[in-house]
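Remarks on the structure that follows.
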2 protein chains.
Amino acid sequence: MNCLRLFQDFRFKSNLFILKEELPQFNSTFSIDCVIFGFDGGELKILLIERNEEPFKDWWALPGNLVRANESLDQSASRILNELTGLGDIYMEQYYTFGDPDRHPQGRVVSIAYYALLRLGGDKALKPISTYAKQAHWVNVKDLPKLAFDHQQIFDKGLEKIKRRIKHQPIAFELLPEKFTLTQLQNVYELILGKKLDKRNFRKKMLSFGVLRDLDEKQKGVSFRAATLYRFDKRKYAKLFGKEISF
Amino acid sequence: MNCLRLFQDFRFKSNLFILKEELPQFNSTFSIDCVIFGFDGGELKILLIERNEEPFKDWWALPGNLVRANESLDQSASRILNELTGLGDIYMEQYYTFGDPDRHPQGRVVSIAYYALLRLGGDKALKPISTYAKQAHWVNVKDLPKLAFDHQQIFDKGLEKIKRRIKHQPIAFELLPEKFTLTQLQNVYELILGKKLDKRNFRKKMLSFGVLRDLDEKQKGVSFRAATLYRFDKRKYAKLFGKEISF
DNA sequence: ACATTTACTGTGTTATTTACACTAACTCTG
DNA sequence: CAGAGTTAGTGTAAATAACACAGTAAATGT
């Protein structure tokens with residue numbers, strides 16, 4: 001024991017050698033992986049790609065890519081999302097970094113995970129413009145296939161994160177079209193939180209925040225009674241920031 | 001515009017060349033930086049080192065180091081904390097990754113930030129065992145010097161994080177000795193949250209959680225009335241997990 | 001014993017959360 | 001066009017949690 005201590009002291013003071021296991025990680029790369037949530041037809045979905053390259057060729061995976069030399073992580077995430085979906089100007093947030101030494105079979109790749117929330121359906125079609133994927137699909141979060149790498153873990157942590165965040169920040173609106181009904185908004189909350197909410201309490205609380213603008217306009221093209229449409233009022237949201245919203 | 005589009009299509013389909021700006025980041029390294037909070041003598045402090053190497057030689061900086069080839073990020077954080085303080089078995093958590101391309105003047109270093117909370121004073125002395133720092137000091141968070149790199153930013157984000165976390169998880173106890181008084185506990189909350197709390201409400205709420213065990217024991221060696229000592233009861237904490245604690 | 005310092009305690013007020021069920025409006029069908 | 005079917009929309013009472021607030025108790029030192 002004393003011997004080991006002496007050895008260590010010598011090592012640090014002499015600065016002459018380094019143990020192999022102490023070598024830092026060189027020649028590594030890092031990537032961004034995105035958990036991209038979408039809401040459509042009452043289902044919460046995420047975007048998956050079918051890989052066209054080894055490793056994990058033909059497996060489903062989260063969309064992701066390597067970070068370039070001269071871009072920041074946030075810039076990189078935006079670029080990658082844009083390349084994979086054709087979309088820009090989306091609320092994205094870094095939430096965790098995954099770096100197990102063996103998470104990638106071909107060498108060390110530390111992956112910085114982001115999530116994004118976006119409105120599906122109708123107006124904006126997805127136009128992926130990259131060849132590293134055979135195809136991209138929206139998949140219901142309740143029905144995920146086996147994922148490549150540690151992507152299941154990355155997804156789990158991402159879902160956990162937005163569960164917490166939806167109570168503090170108006171991220172639910174990012175999933176909805178500009179004009180939406182209170183029932184649609186409640187659906188989003190219920191899907192993300194994974195539980196039913198009381199309709200009256202939900203509406204009471206949502207309206208009490210004063211961040212919804214009643215558009216004096218009704219849904220069109222629906223069977224049965226049409227609901228009032230609302231729009232999210234970003235300016236009024238400022239005061240609300242950071243407060244807990246419980247359901 | 002059409003021309004650009006055609007060019008892009010060709011680029012993706014032919015797969016023959018790559019634009020320089022599209023090169024991924026190779027030969028990069030990553031590091032861990034730690035914001036290590038300590039509580040001592042009524043002050044909230046963090047551990048800083050005075051750098052002994054370029055760049056930023058002689059500047060104060062957060063303790064941090066490069067990740068090794070065969071360790072996970074969490075392992076790396078624990079190792080680095082241990083090397084810098086001699087301590088182990090500390091609650092640590094990854095909270096953000098900083099990766100601006102120019103955050104390190106000598107090349108790209110993506111840094112994964114962790115925070116740790118630890119009890120100071122008395123029993124365990126700090127024994128840093130590394131030469132890359134001239135010295136390590138505990139510095140009051142209210143009185144930080146200019147920090148190297150983007151470490152001020154890393155610190156700010158870390159403080160923000162534990163402000164939020166202290167309301168959900170019993171991290172305050174990590175800062176205190178095993179036996180502590182309610183007044184000490186309140187001090188920790190007040191320092192982290194940066195505001196005064198009402199004594200009666202604080203005690204009422206803390207005791208109502210049922211995670212404190214009254215030790216039937218009093219402080220010793222203090223002038224004036226001695227306070228009752230408590231211990232944190234980990235088992236009873238389980239039910240509390242995840243609930244918001246507001247002050 | 002007296003001054004000093006910190007520990008400790010309770011109540012009333014207000015705001016928030018929760019639980020709970022019926023009517024209104026519209027559409028479709030026969 | 002009447003009636004069935006479906007979703008939109010609304011209020012109240014009880015329980016719980018948050019907040020504001022001040023004096024007594026216990027120990028020490030002089």
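Just so it is clear: chains get the letters A, B, ... in the order the sequence lines come, proteins before strands, and each one is counted from 1.
A perpendicular orientation is assigned to the rings of A:Phe202 and A:Tyr189, their planes being inclined by more than 60° (bins at 30° and 60°).
Atom pair A:Phe202:CZ and D:dT10:C1' shows a separation of 16 Å (rounding to whole Å applied). As a whole-Å value, the separation of B:Gln186 CD from C:dC8 P is 12 Å. For the pair B:Lys196 NZ and D:dA20 C1', the computed distance is 17 Å after rounding to whole Å. In this structure, the CG atom of B:Asn201 is 15 Å from the P atom of C:dG12, given to the nearest Å. Between B:Leu185 atom CG and C:dC8 atom C1' there is a gap of 16 Å when expressed in whole angstrom units.
Take A:Ala148 and apply the side-chain contact (heavy atoms from CB on, under 4.5 Å) test, not counting sequence neighbours, and it matches A:Arg51, A:Phe56, A:Trp59, A:Ala61. With sequence neighbours excluded, the residues satisfying side-chain contact (heavy atoms from CB on, under 4.5 Å) with B:Gln153 are B:Phe98, B:Asp150.
Relative to the six-membered ring of B:Tyr95, B:Lys161 misses at least one condition, a distance below 6.0 Å or an angle of at most 45° to the axis.
Side-chain to base pairing of A:Arg200 with C:dA21: one donor and one acceptor N or O lie within less than 3.5 Å of each other.
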Can you give me the N/O atom pairs linking the protein to nucleotides 7-9 of chain D at distances under 3.5 Å, or say none if there are none?
residue : atom : partner  : partner atom : Å
D:dA8   : OP1  : A:Thr183 : OG1          : 3.2
D:dA8   : OP2  : A:Thr183 : OG1          : 3.3
D:dA8   : N7   : A:Lys199 : NZ           : 3.3
D:dA8   : N3   : A:Arg225 : NH1          : 3.0
D:dG9   : OP1  : A:Thr228 : N            : 2.9
D:dG9   : OP1  : A:Thr228 : OG1          : 2.6
D:dG9   : OP2  : A:Arg203 : NH2          : 2.6
D:dG9   : O5'  : A:Arg203 : NH2          : 3.3
D:dG9   : N7   : A:Lys199 : NZ           : 3.0

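In the set C:dC20, C:dG10, C:dT18, the nucleotide with an atom closest to the side chain of A:Lys204 is C:dT18.
At a threshold of 4.0 Å, the pair A:Lys195-A:Glu190 does not count as salt-bridged, since none of the basic side-chain nitrogens sits closer than that to a carboxylate oxygen.
For C:dT17, one of the phosphate oxygens OP1 or OP2 lies less than 4.0 angstrom from a side-chain nitrogen or oxygen of A:Lys205.
Aromatic pair B:Phe232/B:Phe180: centroids not less than 6.0 angstrom apart.
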